[in-house]
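Accompanying notes for the structure given below.
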Amino acid sequence: MSNYFRVTAYHESENLSVIIDSNGYFGEIWELSAFMIQKGFRVLEVSDSSQFLDGNIDRADKDTESLIVRACCQGKPTYKGNAVEVEGKSYTPEKNK
């Protein structure tokens, strides 16, 4: 799964957390991070497909035209054990595997 990236980000002024997948939309992981920062988010976790465990979020089909919002909620994401969680959706980034 080349170019499959997952990001967890927090938008402080909107008090909004998201988990977003990109499967083909960006060629490099830094492009996804830069995009989120440009939109006012603080990137909390970002990983390619080999750097995270799926948790209860299935991987998305290839989509070169869209980002896939996997979860969204008011407030900051929570960390339960090694996993990051947003609105009941969770996964484990590499640093926590």
Side-chain angles (χ1 to χ4, degrees):
M1 277 195 190
S2 63
N3 301 346
Y4 196 110
F5 311 122
R6 181 167 287 168
V7 65
T8 301
Y10 177 68
H11 197 290
E12 190 168 343
S13 66
E14 299 294 330
N15 191 31
L16 177 74
S17 292
V18 294
I19 297 174
I20 294 179
D21 284 0
S22 171
N23 187 6
Y25 188 85
F26 293 110
E28 300 288 335
I29 196 167
W30 66 265
E31 293 173 302
L32 174 57
S33 295
F35 176 82
M36 297 303 292
I37 291 167
Q38 185 179 38
K39 299 298 180 188
F41 284 88
R42 183 168 56 114
V43 174
L44 304 175
E45 309 284 350
V46 64
S47 306
D48 70 29
S49 61
S50 69
Q51 297 174 314
F52 64 88
L53 301 175
D54 293 330
N56 65 358
I57 304 172
D58 293 332
R59 298 205 183 189
D61 293 332
K62 189 160 188 79
D63 187 339
T64 59
E65 297 180 15
S66 304
L67 295 176
I68 303 104
V69 177
R70 307 315 298 234
C72 178
C73 76
Q74 290 292 308
K76 293 182 178 181
T78 58
Y79 287 83
K80 294 188 176 184
N82 293 333
V84 60
E85 183 176 310
V86 172
E87 195 63 24
K89 297 289 187 177
S90 64
Y91 73 100
T92 304
E94 181 176 65
K95 72 177 187 181
N96 295 323
K97 284 197 314 195

Atom of [X], atom of [Y] and distance for their closest heavy-atom approach:
| X | Y | answer |
| --- | --- | --- |
| Cys72 | Val86 | N-CG1, 3.8 Å |
| Gln74 | Glu14 | OE1-O, 3.5 Å |
| Asn3 | Gly27 | OD1-O, 3.1 Å |
| Phe52 | Ser47 | CD2-CB, 3.6 Å |

Please report the interatomic distance [atom1]([X]) to [atom2]([Y]), rounded to the nearest 0.5 Å.
| X | Y | atom1 | atom2 | answer |
| --- | --- | --- | --- | --- |
| Ser17 | Lys89 | OG | NZ | 16.0 Å |
| Ser66 | Asp21 | OG | CG | 12.5 Å |
| Ile57 | Ile19 | CD1 | CD1 | 4.0 Å |
| Arg70 | Asp58 | CZ | CG | 7.0 Å |
| Ser90 | Tyr79 | OG | OH | 12.0 Å |
| Gln51 | Thr92 | CD | OG1 | 13.5 Å |

Please check if atom [atom1] in [X] has more than 12 non-hydrogen atoms from other residues, nucleotides or ligands closer than 6.0 Å.
| X | atom1 | answer |
| --- | --- | --- |
| Glu12 | CD | no |
| Glu31 | CD | yes |
| Lys62 | NZ | yes |

Exercise. What's in the same ILVMFWY side-chain cluster as Phe41, cut-off under 4.5 Å, chained through other members?
Worked result: Phe5, Val7, Leu16, Val18, Ile20, Tyr25, Phe26, Ile29, Leu32, Phe35, Met36, Ile37, Val43, Val46, Leu67, Val69
For this session: Kindly say whether Asp63 contributes a backbone atom to a donor-acceptor pair with the side chain of Asn23 at under 3.5 angstrom?
Result: no
In the structure I gave you, are the side-chain heavy atoms of [X] and [Y] within less than 4.5 Å of one another anywhere?
| X | Y | value |
| --- | --- | --- |
| Tyr91 | Glu45 | yes |
| Arg59 | Ser49 | yes |
| Leu44 | Val84 | no |

